[in-house]
Structures are given as C-alpha cells and as structure tokens.
Amino acid sequence: MTDITALNTADLNSFVSRRWDEAITPTLVDYIRIPNKSPAFDPQWAEHGYMDAAVDLLANWARTALEQTKDATVEVVRLEGRTPVILIEIAGASDDTVLLYGHLDKQPEMTGWSDGLGPWIPVLKDGKLYGRGGADDGYAMFGAITAIQALQAQGGQHARCVILIEACEESGSYDLPFYVRHLAERIGQPSLVVCLDSGCGNYDQLWLTTSLRGMTGGVLDVMILEEGVHSGDASGVVPSSFRILRQILSRLEDETTGTITPAAFNASIPQERIDQARRAAQSLGDEVFAKFPFVEGARPVATDLVELILNRTWRPQLAVTGVDGIPGLESAGNVLRPHTAVKLSLRLPPTADAVKAGADLKALLERDPPYGAKVCFTLEKAGSGWNAPAIAPWLATAIDAASHATFGQPAALMGEGGSIPFMGMLGETFPDAQFVITGVLGPHSNAHGPNEFLHLQTGKNVTASVAIVLAAHFAR
Ligand SMILES: [Zn+2]
C-alpha cells in the first residue's frame, strides 16, 4: 500500500469498534479493579503483588490477541529491584521502527468520588468507563495492538512495531532509563514515536500534543521552634512559621496573579506555539476553563483564552500538593506551631532544564531565611519537558486524514500542561524521530482526581487514527 486513501476506513473503524466492545472494555473493567498504584504511592508494590497482577492481565491479553499474528512476541522484562515493563515486538514490512508507548501503573485513590463510583470500582455509564487508570493509561497497550491488527486486517502495511508499556510513569519513570538501556538493541532507532498517554482538548477531533511541561518540586520545611507553645503567650514575639513560609513562597510566586516571577523558571514561547494556542482557543472556546469543576461564582486566572492556554502549557506554575506540621481542623488548638512544611510541585516550560531549575529553586527558597528560621528544601523530582520537533509534511497530512476518517473533523494541535518524563528522554535520544503524542484525557476525564473516566468512543477513534498514521508512516 502506498497511499492511505486506499484504506477502507469504514471497515477499519468497525474492526476497532468491535474489538473494543468485545475484548478491550471487558478487560479494562478487570484492570480497574486492581489497585496497582505507582511505586511512589505504594512503596511495597512488590510485596502487595498488584503490579504483577496488572502486568499478568495485560500480558496475557496481548499473548492471546497476538496468537495468530505473524512474528509477534510478548515479553515481561524484569530488572532486579525495578518495576517491570511489557515489551511487544511485531514484525513489519520494513525494518524501520515505530515505538508505541504507554504505562500501566496508576495514580493513588484521591478523595471526592461520586456516589457509586470509586477508584477500584469499574462503572460503565453513558459511553464512559469510570475508575482509576482506564484512561491514564491502561487503554494504551490495547489501543496500540488493536491499531496494528486493524491495519493488517485491511491489508495495510506498517514498519516494525515495538510496544513498550512501563509501570513507573506516575512516579516519574525513574526505572525506565534502565530498561531503555537494557533493551536498546531491541528498541532500535525509531523514526516514529507514538505515545498514547496524553490529553485531548475535546472528544470531537484528534488532538496532537505539541509540547509537555517539565516539573520540579519537593518539600519546603520552615522550622522556628523546638516545640509548640501557647499562641497567646508567644505570638508577637515568635514569628509564625506559616507567615515565614508565605514570605518565602512570594520569592517564587506572585500571590495576586500566580505568575512565577524569577526569570530562571521562565522560557520564551516560540511563535508557532502561540499561533497554535490561538487556533486551539478558537476550537475550544470557554471549554478551556469550563472543563474544570469550579464552584459556583468562581472564575479562571485570566479572561483571555489564549493566555490561559499558554499559562497551562508554556509557563511555570506552582501547586502546593501536601502539608505537614498543621493539624487537622478538629485537633487545632491555640498554639504557635513549631514548623510548617509543604510539598511543592512546580511545572516548568517545555524547554527548561529541570535539573538546573531544581537547583535554582533550592537556592531561591533557602537563601537568607527570615528571622534566622531553619528553612530546608528537599528536592524530590526533576523531569524536563518536551517540545515537538517540526512536524513532517507526511505526518501533518496523516493526522488530519486520520481525524477526518475517525472523528469526522480536522485534527488539532496543542501543548499539554502535564509531563510525560519518557518523552523528554526520547526527544533527546532520537532527535530525528517524529512524535504522535495523543490520548483520551479530555474534558472532565479527571486523571489523577476523582471520577476519572475513559471516553470509549474517543478510545476507539484514537486507536483507528493510530492505524492510519502507521500506514502513512510506512508509505512516506
Ligand atoms: Zn499517564
């Protein structure tokens, strides 16, 4: 096949749809029941055995699905003391390589799930599969295998495909570089990377992720007293550790606007990305902010939609994700507490060097402690972001054709605010590769939060789109 227009896309879509209904969705239902939290959230993951259960479920499904497929292998690879990976190789009509990536570890439970829903309770409702990890990112392996088989069933050809499913992504993929080194020969030199772990602006078209933010962060602890004392006795004499913390955070963040002020954490935004943000804003309208569950009367950081998109995709932003040294409300007495600690998560521009940013952050927070307080920042993570290389003309054509054939709408491009650490690594290792980073994490799908769902029709459309992109890659 030399031309994707020769593909019967109606047959392709129905192959994919049937496979999802008959084999993928029922397995994802079982998968959601397994609490296989990423190692950062379950340090005893190995003893608990949930990760192994999830790996077995997926690997066994893959073996069955690929039984009749020529020259296909499924292997669970385990390096001592590390989370496992699933490596699937499917021979193609050329030795050129496509790497397809996803992960099977999950975020922790989080509170706030609606009645009848829960992280480990699969619920099918209104075309959505609720539960932790279905959309982020359990569906990826199923989608990748099905895309390849759907293409084969239509007589289409593709390059050699390597599917890599890791189990450490939600912890920052710290095990993955060891596997990439270990499997370097088998992975080869991919000319196309397909990552099925990203977001989509809506459920109406195929979204290609053009950038991902990086991240750094850790624990900031402000200590002022050896032990807590009566606040009536001490306030006015002993400075509050909470106030010192606020003061220190203001070095980083303008508390009125949320702007991260030091130049060290900012980057200039390429004009092409600003233009894409403008088009994405037109396509999305108020959904840019309305997709978030604001309380009544609340509004976003800015009114300009393009600014909101750029804030979310290209600008550093701070989230305080945890706290220590402050008791719960029911046990809060009138006391001047000895210390206040917070966990900081600082998103970084796609092009920022996360290791350098982490060192800069530590220096910024620890210098000149107010009142001589003991201020300690423990760096916990540093993952650089990713900015897509210029898109090849064949790929631009292919994603648009794929979006039309599956969603019936043109494709759209936008940066994503989250991080996929592996993409940064791959971008460095394979600077000449093209990237298709897409996913099903659209409005309200709420990965990492309560009520996470997988939008099933989007899962099908993304799967069929990957098939079309693989055909175009081979024919390029
Ligand atoms: Zn993910």
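All ligand and atom numbering here is 1-based and tracks the order in the structure.
Rounding to 10°, one obtains 90° for the angle at the Zn ion (ligand 1) between NE2 (His103) and OD2 (Asp197).
A salt bridge does not link Glu170 with Arg132: every distance from a Lys NZ or Arg NE/NH1/NH2 to an Asp or Glu carboxylate oxygen is 4.0 Å or more. Salt-bridge annotation for Glu89 and Arg186: present, with a side-chain N of the basic residue lying under 4.0 Å from a carboxylate O of the acidic one.
Using a distance-only test at 3.5 Å, with no hydrogens or angles considered, a donor-acceptor pair links the side chain of Asp105 to the main chain of Glu169.
In summary, an N, O or S atom of Asp136 is located under 2.8 Å from the Zn ion (ligand 1). The nearest N, O or S atom of Glu169 is not closer to the Zn ion (ligand 1) than 2.8 Å.
There is no side-chain donor-acceptor pair under 3.5 Å between Glu272 and Thr210.
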